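Please read the structure below before turning to the comments.
The structure presented is a predicted model; accordingly, all values stated were derived computationally and were not measured.
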Amino acid sequence: MKPLLGVSLVALVSTGVPLGIDYHNLPTKTVFPGPWDRYIKAPANKSFITPARFWKVEGNVTTPSTRREPLTARHNYGGGILIGEGGLLTVEFQENIAGRVCLEVDSVTDEPILNLAYSESPFFVGRQSDATNEEEWDLPLPLHLGNRTGSLCVSPEFNRGAFKYLTLYIDKIPVFTAQSQTNLRYVFNSVKATAQKVLGLGHSRSHALDDTTPHFKPSPSVGITKIWANCTSFPSQKNGRAYSGYFHSSSDLLNRIWYAGAYTLQLSTIDPSEGSALIPANRYVDHNKSPPGSWYSNFTVAKGTAVTTDGARRDRLVWPGDMYVAIPAIAVSSYDMLAVRNALDVIFRHRYEDGSLPYAGPPLGFHGEFSDTYHLHALLGAYDYVLYSGDLAWLRGKWAVYKRALAVSVAKVDGHNLMRVSSPLDWNRHGMGGHNLEASAILHEVLRRSIELASWLYAAEDGSGDVMQAMTSNEKEEWTRVMRKLEMGIEQLYCNATGLYSDNLSRRHCTGPDHVDPQDGNSWVLIANMHHARGATTVPGTVSQALRKRWTAFGAPAPEFPHVMSPFASSFELQAHCAAGRPGSAVELALLMWGHLLDGPGFTNGTLAEGFRTDGYAHYPAYAAASRNSHAHGWSAGPTSVLAVDCVLGIRLKGSGGREWSVRPVLTRWLGWARGGFAVGRGAFEVMVWRVVVVRRRRNGGGGEDGKKGVVAVVRGPEGTRGRFGWGGGGGQERDGDGDGEFVAEIEGGQTRGWVCLEGEDDAGRSSVTEEIEVSDTIWEVRDGEKWYKQRIAYGVGDVLVYDDSFREPVMQEREPGKVDWEALADGYVDTRGRW
């Protein structure tokens, strides 16, 4: 067969293509059903999530077994659990969950006070809850049961954002003598006045204060037949398992990582009235007297019915910085764009008088908190929302505010041709300030996207529309000019000795006493494609390789924040490797670092933590208290969008709402096959890609492999759209050369199209040749995980393409864990109370 240079042989109209999604009314059934659904972590019934097993039993607890055994199928605990004085029971849920804890109470004696304590990590299970504020622990919730029995739930303000472990216990009751009553009464009254009250269950008297007889000792107990959580997260989804996107590959770990990111973002999407009260910060607004360690999920952080926040347990409010990672991942998994829009509205609504945007949404933002980088992340979030939703009406209403906010950042580009950062606030990393690399690179990308946004607005106008409504010619010239300045400016930061860019022009410069080559800034240089001023196409590869060389046993460190492994900054690095044409490094990093986030000690095995220490321990060194680490944090979900958009599937929307798009799949050396897709308002995009070998059929009935190997890709997009196909690497596999990277084919939406790229030099001396193959739209209907990529595809005259069973996933390189300087670690903790 002759190679087809972008000319279609087959253009079959597919049937059964998933329709577009209205994000105001999300689907109740998964859009792409298949065997990959087993990776979905969201519960089938979120209003009744029961524990999976006993995790710990101490003291006076009567259970069917004191061993950690699974609960019965009906969750009746073999007749119930009786917790008496001094007894403690910890149950473990199958997944990290969220919600209001409820109990079916069968019996009570002596008006027990049953305490509840929560933890996401097994490391912090105990009589206190993991921290949501500045203290080391959150207070447990005391349920004053009195004489109540039946179904009892904690009140709504004690909706716990995320937990996998629930501890229930009754404290031991001290025996008091009559002589000590006066002093004890004072002590207990003081405790009672400051204790956190669990509303909705009433308050009983204290047993200690009721000890009117010198040696009377009550024996409180509670009999429980059921424990469950009523989850109120992802309120836009009636069925949390009804995903609008999917990802499935030959790597079980990579599949788990993709779905862990999706579920993390679901848990972090909440009812706006259930945000964190953030007691220490809010004290300066409402002057509350809540004691240290108290917590409430009752602060309204946005308008509407759903909002995406930074984390499920902490902080449960809108942070613009998380949006750059979170919004694309939400778009390709649940498509909860309503929650995204409500989050953006909060930031734009609370803008400051000078046009700058707040560091975070309420209850923050009342004291002028500002971050140069988070300000820019909000603008990036606006772009991604419009890209995936197609909501140009929203953009039109925000455009004047958007441009004014952009002007705030542009004005900070000075004679050094870099953005001069005025705020030290960022993602808690050190050294933010001055002429900063990361901020300059982010601004460059914001300017590029702003020109794109303006073109979408103008294109959407009718014949009477005026380009002045979107962007004046002077604005476009100015924005382009600033981009060129920034490209020249970062050259001052390049360090030939390391092959990386340094952090700023002062102490952290290549020649400075505190030289740092930051992970975030170098990643952003590649994302923003800023290396043109050097005139060298080798720069992206050089930076990508230099970043990879720094990896440890647990992933990519962030030198700008010592001792920190940041999934946030590493999500940037994933994109950077893809942008540099090294997708294999991106997949390898996802397996290395996010594999540890899933299966490392102290993590939840199903959601993604905020960060961890360089030695792998589940402590995010931004905070002194290890229990404060959020184990379901949206900024850690980078692989969910990267595997769908930047690498592997390579489905990238090019116009508002997906009117135009491109697909550039690549398997890398880590995968034998992959398929996936997602649906937006216009319809669904889907890709499958797998390794093949050519099998010859001979006339005498014999046959066999001819040795040629390659990759097959099959693609489809929504009707009424236009797409473009190319390979994300040489023939879909990462190689040192470009392979058939120049191949391009135009696609009309509604078609199913397929191509094969085979290795081996052709008559023209090319190492890889792409040919279009005939595929039917019925190819999508084969969804069995063990069969779809084993379909036999006709090729040429009598030949067949079959799956290449010789593929084996390579062994991960051995690396040393990072080391911890314990004294420096303590010096680096961020006390956020100083901000308020």
> Got Arg613 and Leu825 here, is their nearest side-chain heavy-atom distance under 4.5 Å?
Replying inline: yes
> Between Asn255 and Ser249, does any side-chain donor sit less than 3.5 Å from a side-chain acceptor?
Replying inline: yes
> Of His596, His631, His619, which is the lone residue that meets ring pair (Phe, Tyr, Trp, His ring centres under 6.0 Å) with Phe612?
Replying inline: His596
> In terms of side-chain heavy atoms, does Glu274 have a donor or acceptor partner in Asn159 at a distance below 3.5 Å?
Replying inline: yes
> ring pair (Phe, Tyr, Trp, His ring centres under 6.0 Å) with Tyr165: which of Phe54, Tyr118, Trp55?
Replying inline: Trp55
>> Quick one, Ile113 with Asp171, criterion side-chain contact (heavy atoms from CB on, under 4.5 Å). Give me CA distance, side-chain angles, the key distance, then yes/no.
In response: CA-CA 8 Å; Ile113 302 175; Asp171 283 321; over 6 Å; no
> Would Gln266 and Tyr243 count as having a side-chain donor-acceptor pair, cut-off 3.5 Å?
Replying inline: yes
>> Would Glu95 and Lys41 count as a salt bridge (Lys or Arg N to Asp or Glu O under 4.0 Å) here? Give the steps.
In response: CA-CA 7 Å; Glu95 305 295 345; Lys41 300 293 184 180; 3.4 Å; yes
>> Quick one, Thr167 and Leu89 - any side-chain contact, counting heavy atoms below 4.5 Å?
In response: no
> With a 4.5 Å limit on heavy-atom distance, are the side chains of Leu168 and Leu103 in contact?
Replying inline: yes
>> Taking Leu608's backbone N and O only, do any of them form a donor-acceptor pair with Thr264's side chain (distance below 3.5 Å, no angle check)?
In response: yes
> Going by atom types only, do Thr132 and Asp138 share a side-chain donor-acceptor pair under 3.5 Å?
Replying inline: yes
> Is there a donor-acceptor contact under 3.5 Å from the side chain of Trp137 to the main chain of Gln128?
Replying inline: no
> Any side-chain heavy-atom pair from Tyr296 and Ser290 closer than 4.5 angstrom?
Replying inline: yes
> With sequence neighbours left out, what residues match Trp551 under side-chain contact (heavy atoms from CB on, under 4.5 Å)?
Replying inline: Arg548, Ala556, Glu573, His577, Ser585, Glu588, Leu589, Leu592, Arg815
> For the side chain of Asp599 and the backbone of Asn605, is there at least one donor-acceptor N/O pair under 3.5 Å apart?
Replying inline: no
> Is any side-chain heavy atom of Ile97 less than 4.5 Å from a side-chain heavy atom of Arg160?
Replying inline: no
>> Distance alone, cut at 3.5 Å: any donor-acceptor contact between the side chains of Ser236 and Asp336?
In response: yes
> Okay, side chain of Asn96, backbone of Phe163: is any donor-acceptor separation there less than 3.5 Å?
Replying inline: yes
> Going by atom types only, do Asn239 and Thr28 share a side-chain donor-acceptor pair under 3.5 Å?
Replying inline: no
>> Strictly distance-based, threshold 3.5 Å: is any side-chain N or O of Asp106 a donor or acceptor partner for the main-chain N or O of Gly223?
In response: no
> Distance only, no hydrogens: is a donor on one side chain within 3.5 Å (strictly under) of an acceptor on the other, for Ser221 and Thr109?
Replying inline: yes
> Where the side chain of Thr300 meets the backbone of Ala302, is there a donor-acceptor pair that is under 3.5 Å apart?
Replying inline: no
>> Is there a side-chain contact (heavy atoms from CB on, under 4.5 Å) between Val318 and Val307? Walk through the geometry before answering.
In response: CA-CA 8 Å; Val318 178; Val307 64; 3.7 Å; yes
>> If you define the side chain from C-beta out and look only at heavy atoms, does anything of Ile170 sit under 4.5 Å from Pro220?
In response: yes
> Can you check whether Tyr259's main-chain N or O pairs, donor with acceptor, with Thr640's side chain at less than 3.5 Å?
Replying inline: no
> Can you name the nearest heavy-atom pair linking Tyr617 to Asp615, along with the distance?
Replying inline: N-OD1, 3.2 Å
> Does Lys46 make a cation-pi contact with Phe234, if we ask for NZ or CZ under 6.0 Å from the ring centre and within 45° of the axis?
Replying inline: yes
> Within 45° of the ring axis of Tyr623 and under 6.0 Å from its six-membered ring centre, is that where the NZ or CZ of Arg628 lies?
Replying inline: yes
> Are Arg256 and Tyr39 close enough that some pair of their side-chain heavy atoms sits under 4.5 Å apart?
Replying inline: yes
> Between Glu85 and Asn60, is a side-chain hydrogen bond (donor to acceptor under 3.5 Å, both in side chains) present by the stated rule, with each step listed?
Replying inline: CA-CA 6 Å; Glu85 178 193 348; Asn60 188 7; over 6 Å; no
> Can Ser297 and Glu157 be said to form a side-chain hydrogen bond (donor to acceptor under 3.5 Å, both in side chains), step by step?
Replying inline: CA-CA 5 Å; Ser297 298; Glu157 55 262 50; over 6 Å; no
> Can you tell if the side chain of Ser566 reaches within under 4.5 Å of the side chain of Phe561, non-hydrogen atoms only?
Replying inline: no
>> Under 3.5 Å, is there a donor on one side chain and an acceptor on the other for Ser636 and Glu610?
In response: no
>> Has His563 got a side-chain atom pairing as donor or acceptor with Asp821's backbone, closer than 3.5 angstrom?
In response: yes
> Would you say Ser268's side chain and Thr309's backbone share a donor-acceptor pair under 3.5 angstrom?
Replying inline: no
>> Determine whether the aromatic ring centres of residues Trp295 and Phe158 are separated by less than 6.0 angstrom.
In response: yes
> For Leu317, does its backbone N or O pair with a side-chain atom of Asp315 as donor and acceptor, under 3.5 Å?
Replying inline: no
>> As a quick check of understanding, evaluate side-chain hydrogen bond (donor to acceptor under 3.5 Å, both in side chains) for Glu104 and Ser151, giving each step before the final call.
In response: CA-CA 4 Å; Glu104 187 68 34; Ser151 297; 2.4 Å; yes
> Atom CZ in Arg313, atom CG in Leu267: separation rounded to 0.5 Å?
Replying inline: 12.0 Å
> Relative to Tyr169, does Arg127 satisfy both conditions: NZ or CZ under 6.0 angstrom from the six-membered ring centre, and within 45 degrees of the ring's axis?
Replying inline: yes
